[in-house]
Amino acid sequence: INKNAEASLDLRHPVPLYLPVRTKKRYFIPPAVGLKGKREENTEAKARAAGIVFRQQYFERPINIACTAGIFDPYIPPEGDARLSTLSKEGLKQRTEQIRQSAGSQLAIRKIKEHDSQFTTKGFAERAQEIFIEAHNALTQFNKEKLHSLVTERCYPEMTRGNRYKTIRWRFVESLEPPRVVHARCPDMVTKGNLYGQVTVRMHSKQTLAIYDRFGRLMMGSEEQPKDVLEYLVIERHLVNPYGLWRLHGKIVPSWAPAKDPVIKTVMIPGPELKPGQEFEALHYEVPKPEAVQWNK
Amino acid sequence: MATAMTGRGMAFIRNIPGMLSSRLQVLGGGPQQLSCLHTSTSLESKDWERRNRKVFPPQLPDDIRRPAEIHHSRRQIKYSKDKMWYLAKMIRGMSIDEAIAQLEFNDKKGAKIMKEVLEEAQEMAVKNHNVEYRSNLYVAESYSGKGKYLKRIRYHGRGMFGIMDKVYCHYFVKLVEGSPPKTEEKTGFDQAKEYVQNLKNRTIIHSL
């Protein structure tokens, strides 16, 4: 009140007429519990009423399918394929039978030659082996871009599942037999003209494989001991696309294939279901073996 | 330094931390020795989970087999970090079966959560990290940390209030493959002998 009197009297240094009385300073204002934002239900209607026009929203996205989902009409490799050498009579018979028999393959090869004029079975088989070796080398280095250009999208997750924290060492020692084209098909996806070419190549070679887990301990295989491997690779290309590449699409594992080496680890398998009071008899229990079926890898 | 103060004001004041840190680096010989400098970690860094992604180079067949290490954690457990510490300290150094057994029959709330964490970690170890026997693990490290607290008002009389913290904690475990290491138990007599020996070793250096 004193100050107000001064203010009215002294005009040279004007002082504000009203001074706020200080309240107790709040050092902490806690966040209000239960404060949720107001849910506006009709924002769209309000915007439209105000005159804002929305363009039609498309919830679709164009997808580019560059590979098929599986192997159409898989090649069924005859039994005893690797055991008979080409020089014996039976071996020669089998060889001649195979490639002449399948008329479907001949048709498919003719179709492929329409789109790709430089396609030959011999040259292609060697090219297939090169693709295989390069793809596996890229897998050991985890070179994703190179691997994507050598391997189709369907095959990529099969090759790389669970391998992210593991070190793989693979070496191609030598090829025991020259690779041969055994089977070809040209399926079309969705529309009629959308052609994909799938060619099966048979190769017999020596390879070494060693997989180390996250801590550098050997999980499977060995680095020095090479193994003879008979494989049926499926190579695919989107024929209609002029920039399409021949890429590894999958492997066919025949039903008569020998069992692979066991992992360096003891694994627990679920036992038989027991009723309460029943005991597990280890002597009479046989481990169930899987069926011998051809499957695509 | 006092005499070098120029009158450029704000720009100079902004440069002071830079000058200080450069000086400290020169004096201290490296940022690791000084604990007053903050390095890297922000509030959302999940370092513990990232330790599971480290890949070691392959071992030669002659080397000693490297034991597998599995890091696991659970975040924002509704429990106090101090109360959790007691359980974490109890577990340290036990084999995993023993630890799970002890936690199962412990009455605290954190024991149930800890048991779940250990079981999860054991399953992870067998499935993803190539551990052969699931009971061949022991607890190498286990500790609790403070999580993010929620703040509420606690009303007192006379219009006074207190800030109530709703307490959360994190729990971290590291399981290592192998049997738990044996700690040598020192008897009282050994400790007394050591003490006497330390007294006897006292000398005067740089004497004439």
Side-chain angles (χ1 to χ4, degrees), chain A residues 21-36 136-144 157 160-171 207-226 260-271, chain B residues 49-72 97 119 121-137 140 148-168 174-178:
Chain A
V21 175
R22 280 206 180 153
T23 51
K24 180 175 177 190
K25 170 143 179 151
R26 316 282 162 173
Y27 287 99
F28 174 70
I29 304 160
V33 180
L35 180 80
K36 289 163 200 168
H136 284 245
N137 284 331
L139 181 65
T140 47
Q141 261 96 52
F142 288 131
N143 193 349
K144 277 192 225 174
T160 53
R161 183 159 295 147
N163 290 344
R164 201 161 145 208
Y165 302 117
K166 297 192 181 104
T167 350
I168 302 177
R169 288 221 177 131
W170 181 83
R171 220 181 73 220
Q207 296 164 18
T208 45
L209 176 66
I211 307 181
Y212 297 89
D213 68 349
R214 215 188 107 210
F215 305 101
R217 315 182 293 195
L218 188 62
M219 255 174 90
M220 208 187 93
S222 79
E223 262 191 85
E224 283 95 42
Q225 175 69 22
K260 291 199 240 180
D261 278 345
V263 192
I264 308 173
K265 189 172 118 150
T266 41
V267 183
M268 274 190 1
I269 34 171
Chain B
E49 285 87 357
R50 249 180 267 153
R51 284 182 211 199
N52 267 339
R53 293 190 211 165
K54 184 174 175 196
V55 182
F56 291 87
Q59 280 181 310
L60 302 163
D62 300 328
D63 287 346
I64 312 167
R65 196 175 154 92
R66 195 184 274 127
E69 294 179 351
I70 298 100
H71 300 256
H72 194 44
D97 289 335
E119 278 169 353
Q122 197 185 37
E123 224 192 279
M124 253 168 62
V126 171
K127 266 187 168 182
N128 305 343
H129 295 93
N130 192 29
V131 164
E132 233 179 303
Y133 305 109
R134 64 174 193 178
S135 36
N136 199 21
L137 297 160
K148 269 204 188 160
Y149 291 171
L150 294 173
K151 304 215 205 276
R152 300 282 179 265
I153 321 173
R154 193 198 185 283
Y155 300 95
H156 291 278
R158 288 177 167 235
M160 307 287 266
F161 65 90
I163 313 163
M164 185 158 61
D165 285 324
K166 292 288 178 188
V167 156
Y168 286 88
K174 174 170 150 183
L175 299 174
V176 175
E177 205 179 1

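Hydrogens, waters and symmetry mates are skipped; everything else that's a heavy atom, side chains included, is used. Chain naming here is simple, since letters A, B, ... match the order of the sequence lines and numbering starts at 1 in each.
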Count the heavy atoms of every other residue, nucleotide or ligand shown that sit under 6.0 Å from [atom1] of [X], and state whether that count exceeds 12.
| X | atom1 | answer |
| --- | --- | --- |
| A/M219 | CE | yes |
| B/R134 | CZ | no |
| B/E49 | CD | yes |
| B/R66 | CZ | yes |

Within residues 163-171 of chain A, which positions have a heavy-atom distance to chain B below 4.5 Å? A/Y165, A/T167, A/R169

Would you please go through residues 57-64 of chain B and name the residues with a non-hydrogen atom below 4.5 Å from one of chain A, in numerical order? B/P57, B/P58, B/Q59

Counting only heavy atoms closer than 4.5 Å, note whether B/N52 contacts chain A via side chain, backbone, both or neither. both

Distance-minimising heavy-atom pair for A/R214 and B/R51: NH2-O, 3.3 Å

For residues A/K265 and B/V126, report the shortest heavy-atom separation together with the two atoms involved. NZ-O, 3.7 Å

Mind running salt bridge (charged side-chain N to carboxylate O under 4.0 Å, His left out) on A/R217 and B/E132 for me, showing each step along the way? CA-CA 12 Å; A/R217 315 182 293 195; B/E132 233 179 303; over 6 Å; no

Atom CZ in A/F215, atom CD1 in B/I70: separation rounded to 0.5 Å? 5.5 Å

